[in-house]
Amino acid sequence: GAVVSQHPSRVICKSGTSVKIECRSLDFQATTMFWYRQFPKQSLMLMATSNEGSKATYEQGVEKDKFLINHASLTLSTLTVTSAHPEDSSFYICSLTRGGNPEAFFGQGTRLTVV
Amino acid sequence: DAKTTQPPSMDCAEGRAANLPCNHSTISGNEYVYWYRQIHSQGPQYIIHGLKNNETNEMASLIITEDRKSSTLILPHATLRDTAVYYCIVRGPSGTYKYIFGTGTRLKVLA
């Protein structure tokens with residue numbers, strides 16, 4: 001069964017509004033969480049990493065004030081796209097790992113369309 | 001993180017073995033080789049991983065060369081449902097290490 005639940009699977013929002021994407025670990029306490037973005041026909045691009053008890057570390061070129069990541073608990077991480085613009089339209093995917101197990105578990109992704 | 005290089009695309013006949021190569025010549029001694037695949041508009045799915053020994057599970061086999069500079073993922077009897085983008089990733093042993101995705105190989109299984 002699913003280990004990671006990502007919600008919503010699809011969202012359409014207006015330019016200038018904010019959108020929150022949730023990523024939940026269903027079976028374990030996730031010590032590390034990753035957020036990725038994927039444009040059509042491209043690979044996954046890592047946006048940020050958050051480890052238990054610390055703030056998210058953003059990859060170069062990713063605006064931390066625009067993409068707010070909250071590792072709210074060991075089973076929940078949220079990504080908020082603030083003041084969304086059409087160029088933020090993309091497929092966003094979360095990933096979780098747990099201590100002692102290097103395998104990453106991926107959510108099913110969220111298709112964001114900004115109109 | 002070590003970089004990986006994979007062919008951009010491959011075709012395979014249904015029922016035949018699909019052999020997907022990956023080069024990772026700068027791999028470090030404690031880094032594992034992971035394989036994931038992504039079916040259109042879904043999150044990546046774990047396939048297999050290994051350090052230096054060959055590995056096999058219900059989905060695939062992983063062959064790692066002795067110098068660990070390259071590996072091959074083998075899908076023994078490819079089906080149409082195996083059509084996907086396959087990613088080879090090299091990363092450290094801890095769960096805190098990043099998964100950096102390369103461009104992957106787009107495998108198309110032909111009927």
Side-chain angles (χ1 to χ4, degrees), chain A residues 2-7 9-10 21 23 25 28-54 56-60 62 71 74 90-113, chain B residues 1-9 20 22 27-52 55 57-60 62 73 83-108:
Chain A
V3 175
V4 181
S5 173
Q6 189 172 337
H7 178 80
S9 58
R10 290 179 179 273
I21 302 169
C23 181
S25 172
F28 59 89
Q29 293 185 327
T31 51
T32 304
M33 297 181 175
F34 305 91
W35 284 95
Y36 294 84
R37 179 168 55 181
Q38 185 176 33
F39 293 109
K41 297 192 184 300
Q42 294 187 23
S43 185
L44 285 77
M45 185 190 78
L46 180 65
M47 299 175 68
T49 304
S50 65
N51 295 309
E52 176 190 355
S54 61
T57 301
Y58 290 80
E59 295 297 305
Q60 192 172 11
V62 178
H71 195 141
L74 289 176
S90 188
F91 192 54
Y92 292 87
I93 306 169
C94 70
S95 173
L96 314 173
T97 62
R98 54 186 168 182
N101 186 339
E103 179 184 340
F105 301 90
F106 289 83
Q108 287 305 297
T110 297
R111 173 87 46 203
L112 170 64
T113 303
Chain B
D1 297 291
K3 290 186 176 179
T4 62
T5 54
Q6 300 176 251
S9 64
L20 291 89
C22 179
I27 191 170
S28 298
N30 68 341
E31 289 181 319
Y32 285 73
V33 179
Y34 287 81
W35 283 84
Y36 281 77
R37 72 180 182 185
Q38 186 180 27
I39 296 170
H40 183 62
S41 293
Q42 296 182 23
Q45 176 191 21
Y46 168 80
I47 301 173
I48 200 168
H49 77 278
L51 182 62
K52 49 186 176 181
E55 302 287 345
N57 62 21
E58 64 277 5
M59 288 182 69
L62 174 60
L73 177 74
T83 293
V85 179
Y86 287 77
Y87 295 100
C88 166
I89 301 167
V90 170
R91 68 186 287 271
S94 165
T96 60
Y97 283 83
K98 304 175 188 179
Y99 275 81
I100 303 297
F101 285 77
T103 53
T105 295
R106 189 172 296 274
L107 176 69
K108 188 173 182 181

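Chain naming here is simple, since letters A, B, ... match the order of the sequence lines and numbering starts at 1 in each. Please read all numbers here as calculations on a predicted model, not as lab measurements. Only heavy atoms go into these numbers, but all of them, side chains included; no hydrogens, no water, no symmetry mates.
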With sequence neighbours excluded, what pairs up with B:Tyr86 under the side chain to side chain donor-acceptor pair (under 3.5 Å) test? B:Arg37
Pair B:Phe101 + A:Phe106: ring centers closer than 6.0 Å: yes
Any side-chain heavy-atom pair of A:Leu44 and B:Tyr87 under 4.5 Å: yes
Does any part of the side chain of A:Ile93, heavy atoms only, come nearer than 4.5 Å to the side chain of B:Gln38, both counted from C-beta? yes
Tell me if a side-chain donor or acceptor on B:Tyr36 pairs with a main-chain N or O of A:Ala104 at a distance below 3.5 Å. yes
Go through the structure and list residues passing side chain to side chain donor-acceptor pair (under 3.5 Å) with A:Gln42, not counting sequence neighbours. none
Against chain A, residues from residues 43-51 of chain B with at least one heavy atom under 4.5 Å, in numeric order, are B:Gly43, B:Pro44, B:Tyr46
Suppose we screen for side chain to side chain donor-acceptor pair (under 3.5 Å). Which residues come up paired with B:Ser41, at least two apart in sequence or across chains? A:Arg111
